[in-house]
Amino acid sequence: MRSEEGAGHRPPGLIARSDGFRLRGRWTLEHMGELEQYMGSLSWSAAGPLTLDASELEALDTSGALVLNRLRSQLEGKGLEVRLKGLGPDRRTIYELVRDHVHAVEAAPRARRLSVLARLGRWAWSHVAEAYALICFVGESAVALLRSAVRPARIRWRALLSTVETAGVDAVPIIGMLSFLMGVVIAYQGGLQLERYGANIFIVELVSLTMIRELAPLLTAIIVAGRTGSAFTAEIGTMKITEEVDALRTLGIDPMELLVLPKALGLLVALPLLSVFADVMGLLGGMVMAQFMLGVGFGEFVDRLPDAISLTSFILGVGKAPVFAAIIALVGCYRGFRAGGSADDVGRQTTASVVQAIFLVIVFDALFSVLFGGMGI
Amino acid sequence: MAGSEAPIIRIRDLETRFGDQVVHRGLNLDVWRREALGVVGGSGSGKTTLLRAMIMLLRPFGGSVQLFGQDIAAMPPSEAYYLRQRLGVTFQRGALFSALTVAENVAMPLHEHSGLGRRLIGELARLKIALVGLASDAAAKYPPELSGGMLKRAAVARALALDPELLFLDEPTAGLDPVSANALDELIVRLKQALGLTVVLVTHDLDSLARVTDRIAFLGAGGVLGTGSLDELAAQGDPTMDAYFNGPRGRAARSV
């Protein structure tokens, strides 16, 4: 047994003698490194029976017993007859316990590495399966939505409103600040060019079009994907690995109805409102910059606004928000349900949720641009 | 118990509290080398809190806890670091790292503390897994893929990784079926004898107490109400202990 480091502690070793080896010192975990090196340089050339004398051994634990077992089978592998003597009853118990289990220490054969082609196939297939599962999930959500539409009493208003609060109201400061700064940046960069041509007044067109039609909805969606989509995934993922989702099912409560719908509907309400708020703050940022840099006053700016941007542009901008909201909520919830098993899987799924949501938001934004361009609006 | 030898754990006047709520006051307890001590008591009597104080997860509010003759409150962090390596702990729910396989879980303390080569560490980890009676294919599995009984065994294997002298088990048989619970009890007895361990067992399982422990400490009213064997405690006549040991479950366990 291991015990306190005694004053007489000696490093573990093997002393060669005429009839075998004498074991000495402490054959314990903290000294096994030294002993293992020692064992590498071990040689025994004589034939005939050989004795391992353990009477001077100071301590033995399971690691020492393992090395002793290994030594013995190494010597026996050379066709020698090995005798072990001098182990006290306690150490013999440990030695025998380890000997009885030593067959298990051989490493299991490693799984064969797959060929490049096979790995490529698996990788591609996993993405196909993933896309299929996401589409299934969207379908399930749609069915749950239809069921709730038939029986509106089943909608969880409290959860829905709480989503509106955490995803919407709580995000107001950060979204306000970032879109204000975005308006400032656009007005500054655009203003530098416009000033050169003396076309200062066109700053109104520049800021309002970029912010209202493109940037405000996109910026809002990206922030919300990072803030709220990740929270959806983490919440559902944790509930999944603690079996709370299964508990809901056994209680006859549809997790889609309790967990997904209120989040999706709540975000459908919150994101367009946030987008409008981002529009306003972005314009405000542009106005401040226009005033200081280009000498376009607030009144002038607001006067020109109805000419600069049509109602259609505003509606197209804000109209994208519900689509983005659906993407963020569905991807977030879907990723949560995909979490399985371990705590770090929740982390992985949360990362994937944010990346996938932002990716899809930008892809859809591009699709809208092409679509509206084709329709000539 | 060993008369002249100093106890391996010595607790004197321990006081622990959470905020205003006092858990222990004036608790005294000795654990002797190579014994298996059961810690029992009603719900909320501070069994797990006592365990956490012994394994240096909870700083006592007052009193002293000595492990291997050293006071853990006065101990510099560097010494505490070495002392922790002499303790093996299994937690109520296993607390295996779910991102690692069973073999990696067991190998982790060895990688951290032993400085051995990868090959020997792998062998030692698989040896420990075999010692606790897990099949070799369990080594490559992740904790969520294991059954409750296998999980507890894997937790014991990790606790034994560094060949500790002291093994703390928190509710090892809770939530197990009788067959797995019996097998785990036997495993603990066998390992304790073979490896010369000192075992502190916190449990509600009266069968485990009867089978595994040499001595039982009954907690209550902020301290230790009594220590002794199951029969001795049952015969003391204290109403709390009486209800605990002389109920139908207690009688059944003692008649084994």
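No experiment lies behind these values; they were computed from the predicted model shown. In what follows, chains are A, B, ... by sequence order, proteins preceding strands, each numbered from 1.
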- Of the listed B:Q193, B:R119, B:E145, the one with the largest count of heavy-atom pairs under 4.5 Å with chain A is B:R119

- Give a yes or no on this: more than 12 heavy atoms of other residues, nucleotides or ligands lie within 6.0 Å of atom CG of A:L117. no

- Item | Pairwise distance CD(B:E123) to OG(A:S63) - rounded to 0.5 angstrom | 11.5 Å

- Of the non-hydrogen atoms in A:L97 and B:L191, which two are nearest, and what is the gap between them? CD2-CD2, 4.3 Å

- Message: I need the residue from B:G122, B:A130, B:A103, B:A139 with the largest number of non-hydrogen atom pairs under 4.5 Å to chain A.
- Response: B:A130

- Item | Region of B:L116 that comes under 4.5 Å of a non-hydrogen atom in chain A | side chain

- Task: Rounded to the nearest 0.5 Å, what's the gap from CG on A:D90 to CZ on B:R34? Could you check?
- Result: 4.5 Å

- Task: Check the surroundings of atom CZ in A:R119: do more than 12 heavy atoms from other residues, nucleotides or ligands lie under 6.0 Å from it?
- Result: yes

- State the CG-CG distance between B:L127 and A:N69, to the nearest 0.5 angstrom. 8.5 Å

- Task: Could you tell me the separation between the CG atom of B:L162 and the OG1 atom of A:T28, rounded to the nearest 0.5 Å?
- Result: 11.5 Å

- Item | Among the listed options A:I241, A:L66, A:T93, the residue most often paired with chain B at heavy-atom distances under 4.5 Å | A:L66

- Task: Would you indicate whether the side-chain heavy atoms of A:T62 and B:L160 approach each other to under 4.5 Å?
- Result: no

- Would you find more than 12 non-hydrogen atoms of other residues, nucleotides or ligands less than 6.0 Å from B:R12 atom CZ? yes

- Would one find more than 12 heavy atoms of other residues, nucleotides or ligands at under 6.0 Å from atom CD of B:Q70? yes

- Tell me, for A:R70 versus chain B, whether the close heavy atoms (under 4.5 Å) come from the side chain, the backbone, both or neither. side chain

